[in-house]
Structures are given as C-alpha cells and as structure tokens.
Amino acid sequence: MKLIKKWNDIFEGDLESFSKELKTIIPGPAAIVLSGPVGAGKTTFTKFFIGEDQDVEVCSPTYSVVNENGNCAHADFYRLKSSEEVVHLELELYLEDKEYFLVEWGSPYLKEISRNLDDDWQVYELVFEINSKEDDKSGTFSRNIQLFHHF
C-alpha cells in the first residue's frame, strides 16, 4: 500500500471539485474503497463522483448492497458480516463495462474485492477523517482525506 496524496480541510462544499480532481488522478478501471467514520462524507463524495457526468440520482445502496450508475458501480458493505458474503455478491457481473467501482465500508474485504476484478483494474483506498475545524457558513466539519494505492 502506497500513499498517493493527502488533502487537508476538505469541507462538504469542496467534495464536488475534489471528486473531479480525483478522476484526473485515478484512471479507470479502478476500484476505490471508501473508509472512514459515519458522517465523514463517503456517500456525498460518491454522489458527486458518479453524478458528475450523468443525469442520475445516486443513493446509498445500504439495503441493495450494489447499485449501478452509468460507468460506475457503487457498493455499501456496511451490513456484511463475512468475506463469504462478498463472494456470493458475484461482483464481476456488476463490473462489466464499468470504469469505477466505489465501495463504502470495503476495507475489511479488500482481498475479496481484488479477487473479483480483472487484471487491468487498480485498487485504491480513500480514507476520510473528520476534523474539529468547523465551516463558519455551514456549521459542518472539515475532513482530511488520504488516497492509497493497493498493489
């Protein structure tokens, strides 16, 4: 695992431009595992990342586990209990013709995710950390975000 880049003091209002920047850093096809505490901005980031080029509504797939949106698939593994559940999802069926696969709460399942990807896919992890710095206008807290490349 290698640290690629770190961003400090990213507010919710910055997530749209941040998602555009990230697409210039991470070429597809790529799996991006999103890690961090509840409320850190993982789903909000995903909405901007997926919805940037498409007229689609992005919602958290907490209950359906995996949703497809244009050239992206979005999964939320929060409710999974074991790596065996990842195997039963048959991820390769969702990833055909996709450029990006964003996975919330996927860190414990990195090995299983990697096994379901074709050889040309790269695996990254975005780690969100909530700061105590508050935005005066919105009252929301900033976050630090780190991008790692998994080999």
Side-chain angles (χ1 to χ4, degrees), residues 1-8 10 12 14-131 140-151:
M1 180 168 79
K2 177 184 176 188
L3 177 65
I4 302 295
K5 189 166 182 177
K6 182 175 181 174
W7 295 264
N8 293 316
I10 301 290
E12 187 171 321
D14 302 322
L15 289 175
E16 183 173 12
S17 62
F18 172 72
S19 70
K20 290 177 183 179
E21 179 184 350
L22 201 65
K23 283 186 178 179
T24 67
I25 296 171
I26 301 177
I32 306 170
V33 173
L34 308 173
S35 301
V38 171
K42 297 179 297 292
T43 302
T44 302
F45 160 78
T46 299
K47 289 177 183 182
F48 287 121
F49 190 91
I50 291 175
E52 176 193 1
D53 300 323
Q54 301 157 41
D55 189 25
V56 294
E57 184 177 333
V58 177
C59 55
S60 181
T62 300
Y63 296 101
S64 61
V65 184
V66 181
N67 287 337
E68 296 178 85
N69 293 292
N71 71 346
C72 296
H74 174 211
D76 187 330
F77 288 0
Y78 182 75
R79 298 195 187 290
L80 299 187
K81 303 284 186 241
S82 72
S83 57
E84 189 174 296
E85 290 181 81
V86 176
V87 174
H88 292 296
L89 289 173
E90 299 184 76
L91 294 176
E92 63 276 358
L93 299 176
Y94 295 97
L95 300 178
E96 243 180 76
D97 300 323
K98 300 293 186 236
E99 283 294 306
Y100 296 101
F101 178 39
L102 287 86
V103 186
E104 296 184 51
W105 304 100
S107 191
Y109 309 106
L110 277 165
K111 186 188 297 184
E112 290 76 20
I113 292 167
S114 295
R115 287 181 183 157
N116 281 275
L117 301 174
D118 288 339
D119 291 339
D120 59 336
W121 282 68
Q122 298 293 310
V123 179
Y124 296 87
E125 185 170 10
L126 267 183
V127 179
F128 291 71
E129 176 185 272
I130 299 173
N131 294 326
T140 61
F141 291 97
S142 72
R143 61 213 28 88
N144 292 337
I145 304 174
Q146 297 178 69
L147 174 64
F148 294 94
H149 185 218
H150 290 268
F151 299 98

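The model shown is predicted, which means the values in this text are computed figures rather than measured ones. Residues take their numbers from the sequence shown, with the count starting at 1.
Of the possible polar contacts, none joining the Arg143 side chain to the Phe128 backbone as a donor-acceptor pair under 3.5 Å is found. In this structure, the side chain of Glu96 does not engage the main chain of Leu93 through any donor-acceptor pair within 3.5 Å. Using a distance-only test at 3.5 Å, with no hydrogens or angles considered, no donor-acceptor pair links the side chain of Lys42 to the main chain of Val103.
Ring planes of Phe45 and Phe49: tilted class, angle from 30 to 60°.
In this structure the side chain of Leu22 reaches within 4.5 angstrom of the side chain of Trp7, judged on heavy atoms. In this structure the side chain of Val33 never reaches within 4.5 angstrom of the side chain of Tyr109, judged on heavy atoms. The closest side-chain heavy-atom distance from Glu112 to Glu84 is not below 4.5 Å. Side-chain contact check for Asn131 versus Phe141: every heavy-atom pair is 4.5 Å or farther apart. Considering only heavy atoms from C-beta on, Ile130 comes within 4.5 Å of Pro37 through its side chain. Between Asn116 and Leu89, every side-chain heavy-atom pair lies at or beyond the 4.5 Å cut-off.
Between the CD1 atom in Ile32 and the CG atom in Leu102 there is a gap of 4.5 Å [rounded to 0.5 Å]. Separation of atoms CG (Leu147) and NZ (Lys5) is listed at 9.5 Å; rounding is to 0.5 Å. The OH atom of Tyr100 lies 7.5 Å from the CG atom of Asn71; values are rounded to the nearest 0.5 Å. Separating the CD1 atom in Ile50 from the CG atom in Asn69 is a distance of 5.0 Å, to the nearest 0.5 Å.
Shortest non-hydrogen contact noted between Ala31 and Leu117 is CB-CD1, 3.9 Å. Taking both residues in full, the closest heavy atoms of Ile113 and Gly106 are given as CD1-O, 3.8 Å, listed atom of the first, atom of the second, then distance. Taking every heavy atom of both residues into account, Ala73 and Leu95 meet most closely at CB-CD2, 3.9 Å. Val86 and Leu91 get closest at one heavy-atom pair: CG1-CD1, 3.9 Å. His149 approaches Tyr124 most closely through the heavy-atom pair CD2-CE2, 3.4 Å. Of all heavy-atom pairs spanning Ser107 and Glu125, the tightest one is OG-OE2, 3.1 Å.
Aromatic ring centroids of His150 and Phe148 lie 6.0 Å or more apart.
Using a 4.0 Å cut-off between charged nitrogen and carboxylate oxygen, Lys98 and Glu68 count as a salt-bridge pair.
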Discussion item. Run the side-chain contact (heavy atoms from CB on, under 4.5 Å) test on Ile4 and Ile26 for me, step by step, so that the C-alpha distance in whole Å, both residues' side-chain angles and the decisive distance to 0.1 Å come before the verdict.
Written reply: CA-CA 10 Å; Ile4 302 295; Ile26 301 177; over 6 Å; no
Discussion item. Determine whether Tyr78 and Glu104 satisfy the following criterion, side-chain contact (heavy atoms from CB on, under 4.5 Å), listing intermediate values before the conclusion.
Written reply: CA-CA 7 Å; Tyr78 182 75; Glu104 296 184 51; over 6 Å; no
Worksheet item: Stepwise, does the side-chain contact (heavy atoms from CB on, under 4.5 Å) test hold for Phe101 with Val123?
Response: CA-CA 9 Å; Phe101 178 39; Val123 179; over 6 Å; no
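Cation-pi contact between Lys20 and Phe48: absent, since separation from the ring centre below 6.0 Å together with deviation from the ring axis within 45° is not met.
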